[in-house]
2 protein chains.
Amino acid sequence: MGFSETMKAIADPQRRAILDLLKKDRLSAGEIASNLPDISAATVSYHLSLLKRAKLITESKYKNFIYYELNASVFEEIMLWCAQFTGGSDEKAK
Amino acid sequence: MGFSETMKAIADPQRRAILDLLKKDRLSAGEIASNLPDISAATVSYHLSLLKRAKLITESKYKNFIYYELNASVFEEIMLWCAQFTGGSDEKAK
DNA sequence: CTCCTATTTCGAAATCCTTCTAAATAGATG
DNA sequence: CATCTATTTAGAAGGATTTCGAAATAGGAG
């Protein structure tokens, strides 16, 4: 179920907004929530858990904050998957 | 709503199976349906309509068949979107 | 024109997703 | 230890998705 989960995670605009925020910096859950004023902190937490399950982000604890940051390698996997459909001469897809 | 729709379309395993079939050949709706024995023709038609709305495939009619084929350019757009997250030196994302 | 085949549309049921508020947890700090 | 802050979990409501069988459409064939 890995790839479906990843794509589903990216399909949501709210979750893409989180990924955009993390492009610049690693941020705590609270910092992410205050950058997304339209949804509650509980909802942000729910989205973070899905992004984490999809391995698009990783978390690390410091004091009583939880910091989140991007995991670039999953985006590379998606690019590889896409490449098999772009008439590219490299048909190395499994 | 374009990008969300595209990613949502790809997130479904059944729809990815359709994309995989179309990698080799263009196929009619019926040919696609007989390659996917677990779901009904009506369901295949529903998935095809979503893939079409997401511009991942295009259709063309011949006799009373409707043929579907891949549209590679949308996969390229996804790769571009992904590239902004892979520490790549090219930060040209909009 | 009538029938046949390919495909889509309709309506309904089941499941899954997103969001909220309120309550629980976990750790820091006085 | 008592409390405060950061975050998650629980439970519920509302909406969206997936799937089906049956009926509708559309066009070719006789």
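Letters go in sequence order (proteins before strands), and every chain restarts at 1.
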Would you indicate what [X] reaches in the nucleic acid, counting non-hydrogen atoms under 4.0 angstrom: base, sugar-phosphate, or nothing?
| X | result |
| --- | --- |
| L50(B) | sugar-phosphate |
| Y62(B) | nothing |
| A29(A) | sugar-phosphate |
| S28(A) | sugar-phosphate |
| Y68(A) | sugar-phosphate |

To the nearest angstrom, how far is [X] atom [atom1] from [N] atom [atom2]?
| X | N | atom1 | atom2 | value |
| --- | --- | --- | --- | --- |
| K8(A) | dA16(D) | NZ | P | 17 Å |
| I32(A) | dT8(D) | CD1 | C1' | 14 Å |
| Y67(A) | dT5(D) | OH | P | 16 Å |
| L36(A) | dT7(D) | CG | C1' | 15 Å |
| L48(B) | dA6(C) | CG | P | 16 Å |
| M7(B) | dC17(C) | CE | P | 16 Å |
| E5(B) | dA16(D) | CD | C1' | 13 Å |
| E59(B) | dA6(C) | CD | P | 17 Å |

>> Once you measure the plane-to-plane angle for F85(B) and F75(A), does it fall in the parallel (<30°), tilted (30-60°) or perpendicular (>60°) bin?
In response: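 Correct class here is parallel.
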> Y68(B) ring centre to K52(B) NZ or CZ under 6.0 Å, with the angle to the axis within 45°?
Replying inline: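 Judged by the rule, K52(B) and Y68(B) form no cation-pi pair.
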Nearest-nucleotide pick for [X], side chain only, options being [options]:
| X | options | value |
| --- | --- | --- |
| Q14(B) | dT19(D), dT9(C), dA6(C) | dT19(D) |
| Y46(B) | dT18(D), dT19(C), dT8(D) | dT18(D) |
| I66(A) | dT8(D), dG21(D), dT8(C) | dT8(D) |
| N64(A) | dT19(C), dA6(D), dC20(D) | dA6(D) |

> Quick one: does R26(A)'s side chain have a donor or acceptor within less than 3.5 Å of a partner on E59(A)'s backbone?
Replying inline: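 No.
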Is there a side-chain contact between [X] and the phosphate of [N], meaning an N or O under 4.0 Å from OP1 or OP2?
| X | N | value |
| --- | --- | --- |
| S45(A) | dT8(D) | yes |
| S40(A) | dT19(C) | no |
| H47(B) | dT17(D) | no |
| K61(B) | dG27(D) | no |

> So which one's nearest nucleotide on DNA chain C is more toward 5', R15(A) or K63(A)?
Replying inline: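 It is R15(A), whose closest nucleotide lies nearer the 5' terminus.
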> Among K23(A), R16(A), K24(A), whose salt bridge (Lys or Arg N to Asp or Glu O under 4.0 Å) with D20(A) holds?
Replying inline: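 The passing option is K23(A).
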>> Return the OG1 to CD1 distance between T6(B) and I10(A), rounded to the nearest 0.5 Å.
In response: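 Interatomic distance, T6(B) OG1 to I10(A) CD1, rounded to 0.5 Å: 12.0 Å.
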> So which one's nearest nucleotide on DNA chain D is more toward 5', T43(A) or F65(A)?
Replying inline: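 Closest to the 5' end, via its nearest nucleotide, is F65(A).
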> Is there a donor in the side chain of E31(B) and an acceptor in the side chain of S28(B), or the other way round, less than 3.5 Å apart?
Replying inline: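 E31(B) vs S28(B): donor-acceptor pair found between side chains.
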